[in-house]
Protein chains: 4
Amino acid sequence: MAKGVNKVFLLGNVGKDPEIRSTTGGMTVASFSLATADRQKDAQGNWADKTEWHNIVCFQRTAEVVRDYVKKGSQILVEGKIQTRSWDDKTSGEKKYKTEILVNELTLLGGKPAGEGASSGGYSKSNTASYDQRAPSSQPDYADVGITDDDIPF
Amino acid sequence: MAKGVNKVFLLGNVGKDPEIRSTTGGMTVASFSLATADRQKDAQGNWADKTEWHNIVCFQRTAEVVRDYVKKGSQILVEGKIQTRSWDDKTSGEKKYKTEILVNELTLLGGKPAGEGASSGGYSKSNTASYDQRAPSSQPDYADVGITDDDIPF
Amino acid sequence: MAKGVNKVFLLGNVGKDPEIRSTTGGMTVASFSLATADRQKDAQGNWADKTEWHNIVCFQRTAEVVRDYVKKGSQILVEGKIQTRSWDDKTSGEKKYKTEILVNELTLLGGKPAGEGASSGGYSKSNTASYDQRAPSSQPDYADVGITDDDIPF
Amino acid sequence: MAKGVNKVFLLGNVGKDPEIRSTTGGMTVASFSLATADRQKDAQGNWADKTEWHNIVCFQRTAEVVRDYVKKGSQILVEGKIQTRSWDDKTSGEKKYKTEILVNELTLLGGKPAGEGASSGGYSKSNTASYDQRAPSSQPDYADVGITDDDIPF
DNA sequence: TTTT
DNA sequence: TTTT
């Protein structure tokens, strides 16, 4: 029986080809950024599109679906939960936070059809660099902290 | 017609008495942290409670409900959307991010009954300090950036 | 402040061209059936697709979007609430129930591209007949009961 | 990977003590009605509470939680999906429909505290009668149609 | 920092 | 049929 609720629905477009990794336990992990567009009024009272970017993380079978079918531009719907990780930045000595959406369920929609785009396998090494722009070197990722399959929270 | 979806449901308990502010446009803004409990397996395979903390922001009428009825310990359900603000930290020169839940709808549940607790108005000055622990001095808050009522996206 | 929650998310395909009507108050109402596909295990333990049909009702601007853009086959996402209407069937004398989803927000997805299909305006008279198969003659619809714009619950 | 979405969130109060049954496969099934309150404008433009009733069905562990903790008056939050069953009424010869919410997750909230009320075990035989008022004799229930554990869709 |  |  649930004690609380932490549920998120996002529908949007994938910003770059997903990054695929494996945990030390051999589990597949996929991460990518997702843009959700929101029509809202600006300061002048005009309707304008505003884009919100989300850090998405998928595990196991869902990560494999992402690896095989999700690319830059894909339109998807995800259901998941919010999780904020924190760590001490070794350079600045400051506490840092990164909020991510851990996905329970993923639905592929239309958007840019799969099969086109730069990378053949839905995954390209070059993603790593741009992903790191947002997640600087001192940030521990799942591999760094030695995540195993037992650590996955669902 | 919506172009995307960015929807969050959180049910949990409020960590401290909410902080209440006003924008330059005179709109009430309430912010507080909300703990959602999640039962999940730990590394040993045992079920353990894990708490996730969320930064909640309410505007206008909802902020007034918060001011009048929500206190440390209150059990509430919120529906809202995820927004990540970023700014350049003046001290370290680094880019920082803070993810918040902007509330559309709030439902008061049971939990610790309202009317008890330290603060009389559901709001105590002392919240400010601890809130600032997580949101260091160089972070712009809504007042700093001169938000007016026109900026509110719903 | 909300006292309860009654919220539905459906993603699926429209079964027929929507039926468009007007209330006595001149408000546009659109109704159609929406199929949501669910992969589930059958009695033999095999995964099989099961389709669930939902009665969708849209009002005002959303109904106009439906009239202009939604057709048989369209893939859409709706957010709304559940409502069950009841009436006494004049023929059988029995109490009847019809559960509908009243839409708050509608998002057009890819699916079968708009612009094809039999009807030009996203609405064809012939829908009425098949719609009526599920909603027999003795059922009051919104026009029959003299709904005006004031009756719309949001 | 999901092909569609059919998701419901309801927060409200239980109308009667739940009815508890077992399938031929020995699985526990709990059903009850849930009232969700909605503040909406009436024809005169005044805000009025409107109650919507939902037919809730829980299986397995969730049904056991319901049996042990949920009573008339309990405030709960459920997440589930919509399902409409249909059958031919043997008396009138008409097609009938009943829409139900199949629960995936249930959260007990405050409301009227458990442990009080008429029934000792959170379950009273007398529920059956009133449930049958809404679900006349000719309606197949889960036991009638010989549901086994394999039939449960999640 | 909450809650059971 | 619930609840505030």
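So you know, we letter chains A, B, ... as the sequences are listed, proteins then strands, and number each from 1.
Per the geometry, CG belonging to Leu10(B) stands 16 Å off C1' belonging to dT1(E), to the nearest Å. Rounded to whole angstrom, the span from the NE2 atom of His54(D) across to the P atom of dT1(F) amounts to 17 Å. Rounded to whole Å, atom P of dT3(F) lies 20 Å from atom NZ of Lys50(D). Taking atom NZ of Lys3(A) as the reference point, atom C1' of dT4(E) lies 4 Å away to the nearest angstrom. Whole-Å rounding puts the Lys71(B) NZ to dT1(E) P distance at 21 Å. Note: CD (Glu19(B)) to C1' (dT2(E)) measures 17 Å, nearest angstrom. Regarding Asp38(B), its CG atom lies at a distance of 18 Å from the P atom of dT4(E), rounded to whole Å. Look at CG on Asp49(D): it is 15 Å from P on dT2(F), rounded to the nearest Å.
Stacking here means ring centres nearer than 5.5 Å and ring planes tilted less than 30 degrees, and by that measure Trp53(D) does not stack onto dT2(F).
The aromatic ring centres of Tyr97(B) and Tyr97(A) sit 6.0 Å or more apart.
One cannot find a donor-acceptor pair under 3.5 Å joining the base of dT2(F) and the side-chain atoms of Lys72(D).
Taking the side chain of Lys16(B) as heavy atoms from C-beta on, and the options dT4(F), dT1(E), dT1(F), the nearest nucleotide is dT1(E). With dT1(E), dT1(F), dT3(E) as the candidates, the nucleotide lying closest to the side chain of Asn13(B) is dT3(E).
Residues Leu11(B) and Leu109(B) form a side-chain contact, since some pair of their non-hydrogen atoms from C-beta on lies under 4.5 Å apart.
The side-chain contact (heavy atoms from CB on, under 4.5 Å) search around Ala2(A) returns Glu105(D), Thr107(D), not counting sequence neighbours. Looking at residues two or more places apart in sequence or on another chain, you find a salt bridge (Lys or Arg N to Asp or Glu O under 4.0 Å) between Lys3(C) and Asp49(D).
Base contact: Thr51(B) has a heavy atom under 4.0 Å from a base atom.
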